[in-house]
Engineer: 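Below is the structure I would like to discuss, written out as structure tokens.
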Amino acid sequence: MTQPIRVRMAPSPTGDLHVGNARTALCNYLMARRVGGAFILRVEDTDAQRSDASHEEGIYEGLRWLGLDWDEGPDVGGPFGPYRQSERQDIYREAVQQLLASEQAYYDYTTADERAAEREQQRAEGRPPRYSGLGRRFTAAEIAERKSAGVIPAVRFRSEPSPVQFDDIVLGNIRVGPDEVDDFVIARGDGSALYNMAVVVDDEHMRISHVVRGKDHVSNTFRQVLLYEALGWMPPAFAHLPLVVNRRRQKFSSRDGAQWVGEYRTQGYLPEALVNFLVFLGWAPGDEREIFSLDELVQEFRLERVNRADAVFDPQRLDHFNGVWIRRLDLNDLAERAWSYAAQGGLDLRSDQRPYFAAALELEYERLSHLNRTAELMDFFFDDDLDPDMGQVRFRRHSAAETASALERVVALVDETDPFDDPTLEAAMRTLAADLNWRAGDLFMPVRIAVTGRRATPPLFATMEVLGRQRCRDRLRRALVGLAKLAAA
RNA sequence: GGGGCAUUCGUCUAGCGGCCUAGGACACCGCCCUCUCAAGGCGGAGAUCGCGGGUUCGAAUCCCGCAUGCCCUACCA
């Protein structure tokens with residue numbers, strides 16, 4: 001007797017995939033996948049003014065990147081289409097007609113000015129601004145007069161004074177007093193349906209079993225519940241998620257960091273990390289585990305455990321998850337993903353360098369916090385004209401001249417060491433340091449700078465092994481030239 | 001103005017009447033590891049559980065007020 005679980009994500013294409021919407025989509029997806037239900041994508045573009053078809057593709061891309069695949073939608077079709085509200089107006093019109101016919105809705109011939117005046121007066125009297133049903137009270141003659149004056153009526157739902165309530169999986173039972181819901185508009189003057197009407201009709205027609213969406217929709221839910229009742233339909237189960245907010249605890253917007261999922265992608269975040277981070281905004285498993293893959297979340301996530309309080313988006317915590325997930329990837333996977341970021345970051349990569357790239361990346365990846373930093377982290381592996389700035393050395397215990405003669409011996413060592421690998425190089429260099437009577441670190445740092453051009457790098461000898469004998473030799477020679485200048489100065 | 005909802009370390013959270021002198025994680029600080037930087041390990045600081053009343057032998061947990069915040073209050077979604 002239990003109906004199949006069907007959930008939906010219903011973005012309006014007024015922008016790319018917003019992080020808040022991404023979280024909503026994630027919760028819906030997890031719900032559906034856990035029980036083998038259907039995850040439906042429906043585009044809510046009834047506001048032609050603000051909707052833009054180009055954003056649709058951005059939303060798809062964002063969802064796909066996150067790994068949230070859908071079963072029905074405008075692009076893949078499905079048994080209850082079309083899945084774009086702009087293409088469903090006939091269906092809405094029919095429902096509107098039904099409400100008109102049963103006198104649960106009426107044509108409202110008031111003008112915008114009249115309604116504004118009413119609101120203003122209510123506000124002046126300190127009363128809540130609520131549409132009083134002005135349009136219900138016109139006589140037939142008044143209506144005829146307004147018609148001929150060119151007033152185009154909107155369709156309003158006839159809301160009778162009675163309390164409205166519904167049960168919410170996250171928030172519990174929610175109710176509102178008898179005078180709170182006024183006669184709201186369900187269809188514009190041009191006949192097109194408004195949001196509240198369209199969602200109800202769509203959720204019914206698409207057999208949506210659970211409406212999982214942001215908390216900002218709770219007040220709409222009262223209107224929707226009324227519409228279900230009027231149309232003789234059973235409302236779905238509702239679950240309203242807490243909002244993702246900024247540090248000032250307001251709705252998350254562009255000023256608070258990247259707003260669109262695509263931006264996180266270009267900033268080098270892993271979809272795994274964003275998913276993991278987002279799910280913890282309002283949910284926790286109840287034990288102390290924190291790292292979850294999408295598949296694991298499908299098993300663990302329960303709407304019943306979702307919090308009611310809004311959650312602040314903390315970019316530092318996202319960064320942490322990103323690092324964790326980068327370190328979790330296996331090398332081939334990471335190399336695959338980092339390659340294009342590296343190319344975009346300006347690294348001059350030839351496709352035959354993939355093994356070299358992977359070997360270098362293996363040394364760097366615990367230092368890699370964001371994929372888009374790949375190039376800046378690894379550029380010295382690929383710059384064959386590297387001209388190390390030896391001025392970075394702190395010539396405290398050993399002068400530039402002494403350092404130069406030590407590096408001469410390192411050049412010789414680089415030529416002789418065989419095999420040219422991490423342990424052999426390390427042993428040889430330590431022996432050299434001992435010969436010189438230098439502290440090992442005092443020798444390694446100038447070599448590091450000579451060979452990589454920087455003070456912070458992966459372990460030196462592993463780095464040298466990857467760079468190879470030739471590069472190391474060339475760079476050391478060049479460093480020697482620079483050192484000579486420093487020694488002379 | 002009205003309504004709805006919320007309120008545990010700076011942040012994400014655990015907690016569902018005694019296990020809490022409130023646990024974990026991020027960020028922060030210190031130490032260790034160490035050729036640098038990371039990563040990792042260990043430790044520290046950080047929450048009188050928004051405030052005030054109750055109920056109870058006992059409350060972060062239940063009830064009532066208040067405060068604050070957020071969302072909605074469109075012929076937007």
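Every heavy atom of this structure was used, including side-chain atoms; hydrogens, water molecules and symmetry mates were not. Every chain is numbered from 1, with letters handed out A, B, ... down the list of sequences. Owing to the predicted nature of the structure, the values given are computational and were not obtained by experimental measurement.
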Engineer: Heavy atoms under 4.0 Å, any strand shown: does A/His217 hit a base, just sugar-phosphate, or nothing?
Structural biologist: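 It contacts base atoms.
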Engineer: Tell me what A/Pro11 touches on the nucleic acid: a base, only sugar-phosphate, or nothing, going by heavy atoms under 4.0 Å.
Structural biologist: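 The residue A/Pro11 makes no contact with any strand.
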Engineer: Does B/A67 have a Watson-Crick or wobble partner in any strand here, with both distances under 3.5 angstrom, and which is it?
Structural biologist: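 B/A67 is paired with B/U7.
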Engineer: Given B/G69, is OP1 or OP2 found less than 4.0 Å from the side-chain N or O atoms of A/Lys215?
Structural biologist: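 No.
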Engineer: NA contact type, A/Arg156, heavy-atom cut-off 4.0 Å: base, sugar-phosphate, or nothing?
Structural biologist: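 Since only primed, P, OP1 and OP2 atoms lie under 4.0 Å of A/Arg156, the category is sugar-phosphate.
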Engineer: Looking across every strand, which nucleic acid part, if any, lies under 4.0 Å from A/Ala311 by heavy atom: base, sugar-phosphate, or nothing?
Structural biologist: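 It contacts sugar-phosphate atoms only.
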Engineer: For A/Phe381 and A/Phe357, I'd like to know if the aromatic rings sit close, meaning centre-to-centre distance below 6.0 Å.
Structural biologist: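 No, ring centres 6.0 Å or more apart.
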Engineer: Between B/G4 atom C1' and A/Phe238 atom CZ, what is the distance in whole Å?
Structural biologist: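 After rounding, the gap between these two atoms is 15 Å.
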Engineer: Side chain of A/Arg188 only, heavy atoms from C-beta on: which candidate in B/C5, B/U13, B/C75 is closest?
Structural biologist: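 Of the options given, the side chain of A/Arg188 lies nearest B/C75.
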Engineer: Assess A/Arg156 against A/Tyr131: is NZ or CZ under 6.0 Å from the centre of the six-membered ring, and within 45 degrees of the ring's axis?
Structural biologist: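 Ring-cation test returns yes.
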Engineer: Using a 4.0 Å heavy-atom cut-off across all strands, classify A/Gln122 as base, sugar-phosphate, or nothing.
Structural biologist: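 Contact class for A/Gln122: none.
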Engineer: Give a yes or no on this: more than 12 heavy atoms of other residues, nucleotides or ligands lie within 6.0 Å of atom CG of A/Leu331.
Structural biologist: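 Result for CG/A/Leu331: enclosed.
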Engineer: Can you figure out which of B/C75, B/U11, B/A25 approaches the side chain of A/Asp314 most closely?
Structural biologist: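 For the A/Asp314 side chain, the nearest candidate turns out to be B/U11.
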Engineer: Check whether the side chain of A/Asp45 and the base of B/A77 form a donor-acceptor pair under 3.5 Å.
Structural biologist: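 Side chain to base: no pair below 3.5 Å.
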Engineer: Check every atom of B/U36, B/C71, B/C75 against the side chain of A/Asp216 and return the nucleotide holding the closest atom.
Structural biologist: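 The nucleotide sitting nearest to the side chain is B/C71.
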Engineer: Mind checking if A/Ile152 touches a base, just sugar-phosphate, or nothing, with heavy atoms under 4.0 Å?
Structural biologist: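 Base contact.
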Engineer: Nearest nucleotide by nearest heavy atom, which residue falls closer to the 5' end of RNA chain B, A/Pro128 or A/Trp283?
Structural biologist: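 Looking at RNA chain B, the more 5' nearest nucleotide goes with A/Pro128.
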Engineer: Select one nucleotide: of B/U11, B/A14, B/C35, the one nearest the side-chain heavy atoms of A/Val312.
Structural biologist: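 From the listed options, B/U11 comes nearest.
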Engineer: Checking all strands, does A/Glu290 fall into the base, sugar-phosphate, or nothing category for heavy-atom contacts under 4.0 angstrom?
Structural biologist: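 The answer is base, as A/Glu290 lies within the cut-off (heavy atoms under 4.0 Å) of a base atom.
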Engineer: Taking the inter-plane angle between the rings of A/Phe238 and A/Tyr228 on a 0 to 90° scale, is it parallel (under 30°), tilted (30 to 60°) or perpendicular (over 60°)?
Structural biologist: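 Plane angle over 60°, so perpendicular.
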Engineer: Would you classify A/Thr457 as touching base, sugar-phosphate or nothing, given that sugar-phosphate means primed atoms plus P, OP1 and OP2, and contacts are heavy atoms under 4.0 Å?
Structural biologist: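 Base contact - A/Thr457 has a heavy atom under 4.0 Å of at least one base atom.
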Engineer: Within this structure, what is the CD-to-P distance between A/Glu426 and B/C35, rounded to whole angstrom?
Structural biologist: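 Distance check: A/Glu426 CD to B/C35 P gives 7 Å.
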Engineer: Look at the side chain of A/Arg367 and the base of B/A39, then say whether one donor and one acceptor between them are separated by less than 3.5 Å.
Structural biologist: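 No such pair is found, so the answer is no.
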Engineer: Could a donor-acceptor pair under 3.5 angstrom be found where the side chain of A/Arg308 meets the base of B/C5?
Structural biologist: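 When only heavy-atom distances are counted, A/Arg308 does not reach the base of B/C5 through any donor-acceptor pair under 3.5 Å.
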Engineer: Just by distance, no angles: are the side chains of A/Arg188 and A/Ser192 close enough, under 3.5 Å, to form a donor-acceptor pair?
Structural biologist: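 Side chains of A/Arg188 and A/Ser192: pair found under 3.5 Å.
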Engineer: With a 4.0 Å cut-off on heavy atoms, is A/Gly189 in touch with a base, just the backbone sugar-phosphate, or nothing at all?
Structural biologist: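 Contact class for A/Gly189: base.
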Engineer: Using a 4.0 Å heavy-atom cut-off across all strands, classify A/Arg448 as base, sugar-phosphate, or nothing.
Structural biologist: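 The answer is base, as A/Arg448 lies within the cut-off (heavy atoms under 4.0 Å) of a base atom.
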Engineer: Classify the nucleic acid contact of A/Arg123 as base, sugar-phosphate or nothing, counting any heavy atom under 4.0 Å across all strands shown.
Structural biologist: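 The residue A/Arg123 makes no contact with any strand.
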Engineer: Would you classify A/Arg305 as touching base, sugar-phosphate or nothing, given that sugar-phosphate means primed atoms plus P, OP1 and OP2, and contacts are heavy atoms under 4.0 Å?
Structural biologist: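 Result for A/Arg305 = sugar-phosphate.
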Engineer: Which whole-number value in Å describes the distance from A/Asn220 CG to B/G3 C1'?
Structural biologist: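 These atoms are roughly 13 Å apart.
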Engineer: Between A/Glu272 and A/Arg337, is there a salt bridge with N-O shorter than 4.0 Å?
Structural biologist: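 Counted as a salt bridge, because a side-chain N and a carboxylate O are separated by less than 4.0 Å.
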Engineer: Quick one: label A/Arg115 by what it contacts on the DNA or RNA (base, sugar-phosphate, nothing), any heavy atom closer than 4.0 Å.
Structural biologist: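 Since a base atom lies under 4.0 Å of A/Arg115, the category is base.
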Engineer: Can the ring centres of A/Trp325 and A/Tyr269 be said to be less than 6.0 Å apart?
Structural biologist: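 No, ring centres 6.0 Å or more apart.
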Engineer: With a 4.0 Å cut-off on heavy atoms, is A/Leu194 in touch with a base, just the backbone sugar-phosphate, or nothing at all?
Structural biologist: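 If one applies the 4.0 Å heavy-atom cut-off, A/Leu194 turns out to touch the sugar-phosphate alone, with no base involved.
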